[in-house]
K.L.:
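Okay, here's the structure, questions in a sec.
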Amino acid sequence: LALSVVQMRGGDPSKDDAIVAFSGGTDGCIAVWDITTPVQDFLTQRSAAPSSEDVAPVRLKPVHAFEGAHQSGVNSLHAVVLPSRLEAEEVHVTGRRAVEILVTSGGDDQAIHASIVSVEQQR
């Protein structure tokens, strides 16, 4: 299993940042997970009861999957948020901000896979 997590800064300081995880499995698939809410809930729980060791497990489903990124297992995975290419005026007009994430991986198949994932955030 390979894992990489990125934090996407929101354009509005009053809104929380989004947290996205990418995981690579033994089947060669790369899954995309929105872990924003579970992380925020965990941090809220821990700040309310810092000595508590009981944290309820959370079941999530991936929001997207790159099937067949590799013929077999994903050995390495890295994700990084790319600098924005949108003009401030475009964000103001549309009310949305696109964030691009470069996802790269290496697998048992001796191949390197690279994709740019575009995620739209509400302003």
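Side chains are part of it too, since the values below use all heavy atoms of this structure and drop only hydrogens, waters and symmetry mates.
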K.L.:
Would you say that Val32 contacts Pro62 through its side chain, given a criterion of any heavy-atom pair below 4.5 Å between the two side chains?
P.N.:
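Answer no - side chains too far apart.
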K.L.:
For Val119 and Ile101, run side-chain contact (heavy atoms from CB on, under 4.5 Å): C-alpha distance rounded to whole Å, both residues' side-chain angles, the deciding distance at 0.1 Å, then the answer.
P.N.:
CA-CA 8 Å; Val119 179; Ile101 303 168; 4.3 Å; yes
K.L.:
Quick check: are there more than 12 heavy atoms from other residues, nucleotides or ligands sitting under 6.0 Å from CD1 of Ile112?
P.N.:
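No.
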K.L.:
Kindly give the heavy-atom pair with the smallest separation between Thr36 and Ala18, and that separation in Å.
P.N.:
OG1-CA, 3.4 Å
K.L.:
Might you point out which heavy atoms bring Ala79 and Ser4 nearest each other, and give the distance in Å?
P.N.:
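Closest approach of Ala79 to Ser4, heavy atoms only: N-OG, 2.9 Å.
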K.L.:
Over all heavy atoms of both residues, which pair between Cys29 and Val74 is shortest? Give the atoms and the distance, please.
P.N.:
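It is O-CG2, 4.0 Å.
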K.L.:
Once you round to the nearest 0.5 Å, how far does CG of Asp34 lie from CE of Met8?
P.N.:
7.5 Å
K.L.:
Looking only at side-chain N and O atoms, does Ser115 offer a donor or acceptor that is under 3.5 Å from a partner on His113?
P.N.:
yes
K.L.:
Does Phe22 reach the side chain of Val6, with side-chain heavy atoms less than 4.5 Å apart?
P.N.:
yes
K.L.:
Roughly how far apart are Ser105 OG and Phe66 CZ, rounded to 0.5 Å?
P.N.:
9.5 Å
K.L.:
Taking atom CD1 of Ile116 and atom CG of Leu82, what is their separation to the nearest 0.5 Å?
P.N.:
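If we round to the nearest 0.5 Å, Ile116:CD1 and Leu82:CG are 5.5 Å apart.
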K.L.:
For a 4.5 angstrom cut-off between non-hydrogen side-chain atoms, does Thr104 reach Leu102?
P.N.:
yes
K.L.:
Nearest 0.5 angstrom please: Gln110 CD to Asn75 CG, how far?
P.N.:
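The CG atom of Asn75 is 8.0 Å from CD of Gln110, to the nearest 0.5 Å.
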K.L.:
Give, for atom CG of Leu3 and atom CG of Leu1, the distance between the pair rounded to the nearest 0.5 Å.
P.N.:
6.5 Å
K.L.:
Does Gln71 have more than 12 heavy atoms from other residues, nucleotides or ligands lying within 6.0 Å of its CD?
P.N.:
no
K.L.:
Could you tell me which non-hydrogen atom of Trp33 sits nearest to which non-hydrogen atom of Ser23, and how far apart they are?
P.N.:
NE1-OG, 2.8 Å
K.L.:
Below 4.5 Å, heavy atoms only, C-beta onward: do Ile35 and Leu60 meet side chain to side chain?
P.N.:
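A side-chain contact exists here, since the closest heavy-atom pair is under 4.5 Å.
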K.L.:
State, to 0.1 Å, how close Leu77 and Gly24 come at their nearest heavy-atom pair, and which atoms those are.
P.N.:
CD2-N, 3.6 Å
K.L.:
If you take all heavy atoms of His70 and Ala111, which pair is closest and at what distance?
P.N.:
CE1-O, 3.2 Å
